[in-house]
Amino acid sequence: MLTKPTTPLSKREPDGFLKISLNLTMGIGITTFIAALTLIAVHFHDSKSKYRDTLNFAVTTLATAAGISSAVYALRGIEINLEDKKIDRTLRYIQIWNDPSYFSVRQIAAKIHKDLKPLDDTKSNEYMNQIYADTEKKQEIVNILNFLEEMSMCVHFALVDEKSLKEFYRYIVCTYYDTFTLFVHRSRKERNNPKLYIHLTELSEQWRD
């Protein structure tokens, strides 16, 4: 389950988790370093001690442990920070779709879907030709396909939480791709780019399972 951060997205500090982790890492590293210095001081103060070999081993072990612990905590901090950003992106995509500025786009897409549903292939092609001739409607479709392609690319590269986005967008992605398949194919042909909207195509197939 995706949990919405308590702090508004616009006011969050992206590197907050990383800073906390690095502070913790520095604290652990400094503590270990001090312990190593203490043992070194004891070692040189009493270099003839029968515990010299033990002190040598302890100093080496502590120095190694300091390096390992610092690396582990730094890596953990980076992982937490990346996960936090992933949640932010996921919530942002959901917020954008629900934004009132997208209402006209959703309305146009819903009408086209409704109009195309009862048509055969020939009639569908004729209808899509009319859409292509309408500059405003064509641009609206391009905008929404570009948006869905961008989101699909983020899913492909694991930059968002796919499980949460799938719950919200599964129907939208599959339905919109089906509705605008002819538009996509025509756009690929006109632009001579067979990979146009490829991530959206793959995601719509993947999410049908």
Side-chain angles (χ1 to χ4, degrees), residues 1-5 8-10 12 14 78-132 134 136-209:
M1 179 64 67
L2 185 66
T3 304
K4 185 175 181 179
L9 292 176
S10 59
R12 300 186 73 198
I78 292 172
E79 289 175 348
I80 292 174
N81 190 47
L82 291 176
E83 187 63 26
D84 188 53
K85 289 182 177 180
K86 182 183 289 189
I87 292 174
D88 281 354
R89 291 190 196 100
T90 304
L91 292 172
R92 183 59 182 155
Y93 276 115
I94 294 174
Q95 289 171 348
I96 288 174
W97 189 262
N98 287 324
D99 193 282
S101 63
Y102 260 71
F103 176 75
S104 62
V105 177
R106 298 196 303 268
Q107 194 174 39
I108 290 172
K111 184 179 186 309
I112 293 173
H113 175 70
K114 182 180 178 181
D115 292 343
L116 282 173
K117 199 170 183 179
L119 303 180
D120 58 26
D121 291 344
T122 302
K123 296 287 187 182
S124 294
N125 276 303
E126 292 175 357
Y127 183 86
M128 199 54 66
N129 287 337
Q130 295 174 13
I131 296 295
Y132 243 80
D134 188 325
E136 185 176 344
K137 284 185 179 180
K138 179 182 177 181
Q139 188 58 52
E140 292 282 18
I141 295 173
V142 168
N143 290 343
I144 199 167
L145 288 176
N146 286 345
F147 170 76
L148 293 175
E149 172 68 7
E150 176 190 306
M151 185 196 72
S152 300
M153 187 180 295
C154 286
V155 172
H156 177 77
F157 289 106
L159 298 176
V160 290
D161 184 79
E162 181 176 356
K163 183 178 179 181
S164 299
L165 274 186
K166 185 177 180 180
E167 288 183 8
F168 184 86
Y169 272 105
R170 182 178 179 275
Y171 176 81
I172 296 168
V173 166
C174 295
T175 301
Y176 276 60
Y177 182 76
D178 288 346
T179 300
F180 299 115
T181 298
L182 292 175
F183 189 96
V184 169
H185 291 326
R186 180 165 177 173
S187 298
R188 286 173 177 170
K189 186 176 180 180
E190 288 190 353
R191 299 187 190 183
N192 193 28
N193 181 5
K195 292 187 177 294
L196 187 65
Y197 303 122
I198 189 63
H199 292 100
L200 174 58
T201 303
E202 292 174 350
L203 189 65
S204 69
E205 294 172 355
Q206 178 185 331
W207 281 2
R208 292 177 195 276
D209 299 334

Determine whether L200 and V173 satisfy the following criterion, side-chain contact (heavy atoms from CB on, under 4.5 Å), listing intermediate values before the conclusion. CA-CA 8 Å; L200 174 58; V173 166; 3.9 Å; yes
Is there a side-chain contact (heavy atoms from CB on, under 4.5 Å) between D115 and I112? Walk through the geometry before answering. CA-CA 5 Å; D115 292 343; I112 293 173; 5.6 Å; no
N143 vs Q139, test: side-chain hydrogen bond (donor to acceptor under 3.5 Å, both in side chains). Steps then yes/no. CA-CA 6 Å; N143 290 343; Q139 188 58 52; 2.9 Å; yes
Decide yes or no on side-chain contact (heavy atoms from CB on, under 4.5 Å) for F180 and R186, but give the supporting numbers first. CA-CA 10 Å; F180 299 115; R186 180 165 177 173; over 6 Å; no
Could you walk me through whether W97 and I144 pass side-chain contact (heavy atoms from CB on, under 4.5 Å), step by step? CA-CA 10 Å; W97 189 262; I144 199 167; 3.5 Å; yes
I would like to know whether Y132 and S187 meet side-chain hydrogen bond (donor to acceptor under 3.5 Å, both in side chains); could you show each step before the answer? CA-CA 10 Å; Y132 243 80; S187 298; 2.9 Å; yes
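Residues F183 and V142 have side chains in contact (heavy-atom distance under 4.5 Å, counting atoms from C-beta outward). In this structure the side chain of S152 never reaches within 4.5 angstrom of the side chain of E202, judged on heavy atoms. Looking at heavy atoms from C-beta onward, F168 lies in side-chain contact with N98 at the 4.5 angstrom threshold. Considering only heavy atoms from C-beta on, D161 stays 4.5 Å or farther from L165 through its side chain.
Atom CD1 in I198 sits 11.5 Å away from atom CG in L203 (nearest 0.5 Å). For the atom pair L145 CG and E150 CD, the distance stands at 13.0 Å (nearest 0.5 Å). In this structure, OH in Y176 is found 14.0 Å from OG1 in T181, a value given to the nearest 0.5 Å. Atom-to-atom distance recorded for S124:OG and L116:CG is 5.0 Å, nearest 0.5 angstrom. One finds the OG1 atom of T90 at 10.0 Å from the CE atom of M151 (value rounded to the nearest 0.5 Å).
S104 approaches E140 most closely through the heavy-atom pair OG-OE2, 3.9 Å. Closest heavy-atom contact between R89 and L159: NH1-O, 2.9 Å. Closest of all the heavy-atom pairs between K137 and I131 is CD-CD1, 4.1 Å. Between D120 and K123, the shortest heavy-atom contact is OD1-N, 2.8 Å. Taking all atoms of both residues into account, the shortest heavy-atom contact from L182 to M128 is CB-CG, 4.3 Å. Residues S204 and C174 come closest through the heavy atom pair O-SG, 3.7 Å.
Here the options are E162, H156, K166, the test is side-chain contact (heavy atoms from CB on, under 4.5 Å), and the partner is Q206; only E162 passes. Under the side chain to side chain donor-acceptor pair (under 3.5 Å) rule, T201 has a single partner from E149, K195, R188, which is R188.
Residues T179 and H113 bring a donor and an acceptor atom of their side chains to less than 3.5 Å of each other. When only modelled atom types and interatomic distance are considered, Y177 and E205 share no side-chain donor-acceptor pair under 3.5 Å.
Classification of the Y169-F147 ring pair by plane angle, with boundaries at 30° and 60°, yields tilted.
Shown here is D121, whose CG atom has no more than 12 heavy atoms of other residues, nucleotides or ligands within 6.0 Å. Within a 6.0 Å radius of CD in E136, other residues, nucleotides and ligands contribute 12 heavy atoms or fewer.
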